[in-house]
Amino acid sequence: MKTNVGGIDKILRILVGVALIAWALFGGPVWAWIGILPLVTGLMGWCPAYMLIGVNTCPLSKK
């Protein structure tokens, strides 16, 4: 897997993921568990959806 998620993108994914999971844990709707996806892709630095549509926000892997 080639890294395709860059710095700011990673930070935003992790923050949104943690926020959604916290919301789900503290009585939010069941769909808030979708926060697992941005959290995992942010931590891994790789997004399968980005790969499918050809997006790359990681400046190091563009070389």
Side-chain angles (χ1 to χ4, degrees):
M1 293 182 301
K2 191 174 183 180
T3 302
N4 64 0
V5 177
I8 293 175
D9 196 2
K10 273 186 181 183
I11 292 168
L12 289 175
R13 286 171 182 264
I14 292 169
L15 290 175
V16 168
V18 168
L20 284 170
I21 292 169
W23 187 25
L25 286 172
F26 293 105
V30 173
W31 62 262
W33 284 105
I34 197 75
I36 291 170
L37 292 175
L39 178 62
V40 170
T41 58
L43 292 172
M44 289 177 33
W46 180 74
C47 178
Y50 275 11
M51 185 183 70
L52 290 173
I53 60 175
V55 174
N56 186 350
T57 61
C58 182
L60 297 176
S61 66
K62 289 182 181 178
K63 295 178 183 178

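All figures in this text were calculated on a predicted structure; none of them were measured in a lab.
- In terms of hydrophobic clustering, with Ile, Leu, Val, Met, Phe, Trp and Tyr side chains grouped at heavy-atom distances under 4.5 Å, Leu20 and Met44 are assigned to different clusters.
- With a 4.5 Å cut-off between side-chain heavy atoms of Ile, Leu, Val, Met, Phe, Trp and Tyr, the cluster of Leu52 takes in none.
- Closest of all the heavy-atom pairs between Pro38 and Gly17 is CG-CA, 4.0 Å.
- Applying the ring pair (Phe, Tyr, Trp, His ring centres under 6.0 Å) definition to pairs two or more places apart or across chains, those involving residues 28-47 are Trp23-Trp31.
- Within the structure, no pair that satisfies the salt bridge (charged side-chain N to carboxylate O under 4.0 Å, His left out) test touches residues 29-56, not counting sequence neighbours.
- Residues satisfying the side-chain contact (heavy atoms from CB on, under 4.5 Å) criterion with Leu43, sequence neighbours excluded, are Ile14, Leu39.
- In this structure, the separation between CD1 on Ile36 and OG1 on Thr41 is 12.0 Å, given to the nearest 0.5 Å.
- Ile34 and Val40 fall into different hydrophobic clusters, defined by Ile, Leu, Val, Met, Phe, Trp and Tyr side-chain heavy atoms under 4.5 Å apart, directly or through other members.
- Annotation: salt bridge (charged side-chain N to carboxylate O under 4.0 Å, His left out) contacts involving residues 10-31, sequence neighbours excluded, comprise Asp9-Arg13.
- Transitive grouping of hydrophobic side chains (ILVMFWY, heavy atoms separated by less than 4.5 Å) brings Val18 and Phe26 into a common cluster.
- Grouped with Leu12 in one hydrophobic cluster are Ile8, the linkage being side-chain heavy-atom contacts under 4.5 Å among Ile, Leu, Val, Met, Phe, Trp and Tyr residues.
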